[in-house]
**Q** 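Just dropping this structure here.
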Amino acid sequence: MTPVGDGGPAVRRLAEWDAERLLAVADEYDTPTYVIDLDRVAANCARLSAAFPAADVSYAVKAHTGRAVLRRVREAGLGAECASAGEVERALAAGFPGDRIRYTAVNPPGRDLDRVVERWRDDPGLTITVGAADTVDRLRDRGFDGRLCVRANPGVGAGHHEKVRTGANAKFGIPIERVADLAASWNGEFDLVGVHAHAGSGISGEDLSAHRELVSRMGDLAREIESEIGPLEFVDVGGGFGVPYREDDPSLDLGSVAAATREALGEVSASLSVEPGRYVVADAGVLLTRVNTVKQARDATVVGVDAGMTTLLRPAMYDAYHAIRNLSADANAEPEAEADARETRPVTVAGPICESADVLAEQRPLPRPERGELLAVGNAGAYGYEMSSTYNSRPRPAEVARSGTTVRLARQRETIPDITELER
Ligand code: LLP
C-alpha cells in the first residue's frame with residue numbers, strides 16, 4: 001500500500017504497475033476495463049493537502065465521479081467541486097456534507113438549478129458559484145438566498161490544449177472588471193462568500209506564469225471586494241494542475257506551484273481555495289485493453305484493440321498522449337533468460353470504432369503485440385471513464401477498484417440491452 005502520510009512519490013508511472021496483477025484483473029473481468037487504485041487516490045489527496053496546508057482543497061469531481069473514488073476523496077478530507085446537479089447528487093450520495101460541496105453553474109439548465117436549490121434547502125451549507133448575472137436572477141426566482149460565490153473571467157487562460165483553456169473563454173465567468181460591482185449589488189440579499197476563477201486544465205511548469213497572473217488578478221479582486229463590501233471566506237483559484245502523460249515528462253512541483261500561488265495572491269483575509277481534478281485521479285487509473293487484430297498496412301503496423309475513442313476519448317479529442325505498455329510481453333520477459341525478449345517496433349494502436357479519429361496512439365514503439373495480448377494505457381484515471389460513450393452502440397467498459405490487496409468490481413460492464421433500455 002502506498003504510504004499516505006506525505007502522499008508518497010509525486011508521480012506513478014505506467015511502468016510501475018504490476019503486470020501480473022493487471023493480467024489477473026483482465027482474466028477475471030475481461031476487457032476493456034478501467035482499474036482505479038484507491039490508495040493512490042488517497043495518496044494524491046494527501047500530497048495536495050500537504051502542499052496547500054492552509055488552503056481549502058476541493059476535488060473537481062468531473063475527473064472521475066465513481067462512488068468509490070468520491071468516498072476515498074471525502075475520507076481524505078477534500079471538498080467536492082461539482083459542475084452539474086448530477087455531480088451534486090453523486091457527491092451527496094458519497095457522503096460529502098453540503099458545506100463541503102460547491103456547485104459551479106455553467107450555463108445551467110433550469111432543471112439543474114431546481115435540483116440544486118432543492119438540495120440547498122435541506123443542506124444550506126451548499127455554495128453556488130455563478131458565472132453570469134442572470135443565473136443570480138434565476139436563483140432568486142427559485143427562492144435561493146444562500147452562500148453565493150462569483151466566478152470571474154480573469155482574461156488569462158492556460159492548459160494542455162486549446163479546448164481546455166477556460167480562463168479567457170467568454171463562456172466562463174463574469175469579466176473580472178465587473179465582478180466587484182455586481183458582488184456589491186448582490187451582497188446582503190445573498191451570503192457572498194467567495195470569488196472563483198479557473199485558468200484551464202493540465203497546467204505544466206511552463207504555464208506557471210499564466211497561473212500566477214490569474215491568482216494575482218484574483219488577489220486584487222478579493223482586496224477590492226474586502227475593502228468595499230466586507231470580508232470574503234475564500235478565493236478559489238481553480239484547479240488544472242497537470243500530470244506527466246509522457247514517460248519522460250517531469251512531474252509538476254506542487255511545492256513551487258503552492259509557493260507561487262501564495263505569493264501571487266498577496267495579503268487577503270479570505271482563505272485560499274484550490275480545486276484540482278486530474279491531479280487526484282489521473283495516475284491512479286489504467287485502462288486494460290486486448291489486442292483483437294494485428295495487420296501490416298501500407299505505412300504502419302496496426303494493432304486493433306477492444307478499447308477506442310468511446311472508452312478513452314482524450315487522444316481523439318485533444319490529441320492527448322497516453323503511455324501504453326504491452327503487459328503480456330512484460331510479464332513473459334525473463335530479464336536473465338531474455339527468452340521472450342521481443343523486437344520493439346512502432347505500431348499504431350487503433351480502436352473498434354468506425355472513425356479515423358479512433359486511434360489511441362500512432363507509431364508508438366511497443367514490444368511487437370500479438371493477437372490476444374493485453375495492453376495497458378496509463379494515466380487513464382482522469383476524464384477516462386467519465387468521457388466514455390456508447391457511440392457505435394458499444395457498451396461502456398467495466399471498472400475495477402483496488403485498495404490494499406482487495407480488488408473488486410466498482411462498475412459493471414454495460415451490455416447492449418443497457419443501451420437500448422430507454423428506447424420507446
Ligand atoms: N474547476 C473548474 C471550474 C473546472 O472547469 C475544471 C475542469 C477543474 C476545476 C478541474 O481541472 P483539472 O484539475 O482536472 O485540470 N476533459 C479534459 C479536461 C477538461 C477540464 C474541464 N474543467 C481532459 O481530459 O483533459
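Counting starts at 1 for both ligands and their atoms, following the listed order.
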**Q** When you measure from atom 10 (C) of ligand 1 to every protein heavy atom, which one gives the shortest distance, and what is it?
**A**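 Closest protein heavy atom to atom 10 (C) of ligand 1: Ala60 CB, 3.5 Å.
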**Q** Would His160 and Ser204 count as having a side-chain donor-acceptor pair, cut-off 3.5 Å?
**A** no
**Q** Please state which protein non-hydrogen atom is closest to atom 8 (C) of ligand 1 and give its distance, to 0.1 Å?
**A** His198 CE1, 3.4 Å
**Q** Counting only heavy atoms closer than 4.0 Å, does ligand 1 sit against the backbone of Ala63, its side chain, both, or neither?
**A** neither
**Q** Distance to 0.1 Å, residue and atom name: give those for the protein heavy atom nearest to atom 24 (O) of ligand 1.
**A** Arg314 NE, 2.6 Å
**Q** Taking NZ, NE, NH1 and NH2 as the nitrogens, is one of them in Asp56 or Arg102 under 4.0 Å from a carboxylate oxygen of the other?
**A** yes
**Q** How far is atom 3 (C) of ligand 1 from the closest protein heavy atom, and which atom is that?
**A** Glu275 OE2, 3.4 Å
**Q** Is a salt bridge present between Arg223 and Glu267, judged by a nitrogen-to-oxygen distance below 4.0 Å?
**A** no
**Q** For atom 17 (C) of ligand 1, what's the nearest protein heavy atom and its distance?
**A** Tyr318 OH, 3.1 Å
**Q** Please determine whether any non-hydrogen atom of Gly240 lies less than 4.0 Å from an atom of ligand 1.
**A**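 Judged by the 4.0 Å heavy-atom criterion, Gly240 does count as contacting ligand 1.
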**Q** Salt-bridge test for Arg115 and Asp112: reply yes if a basic N is under 4.0 Å from a carboxylate O, no otherwise.
**A** no
**Q** How far is atom 15 (O) of ligand 1 from the closest protein heavy atom, and which atom is that?
**A**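 Atom 15 (O) of ligand 1 sits closest to the protein heavy atom Ser201 OG, 2.4 Å.
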**Q** Regarding Arg90 and Thr65, do their side chains bring together a donor and an acceptor under 3.5 Å, going by distance alone?
**A**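 Checked: Arg90/Thr65 side chains pair up, N/O donor to acceptor below 3.5 Å.
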**Q** Nearest heavy atom to atom 21 (C) of ligand 1: which of Lys163, Met387, Lys62, Arg278 does it belong to?
**A** Lys62
**Q** Would the distance check show the side chain of Asp39 and the main-chain N or O of Arg402 forming a donor-acceptor pair, the cut-off being under 3.5 Å?
**A** no
**Q** So, 4.0 Å and heavy atoms of Gly202: is ligand 1 close enough to count as a contact?
**A**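 Gly202 counts as a contact of ligand 1 under the 4.0 Å cut-off.
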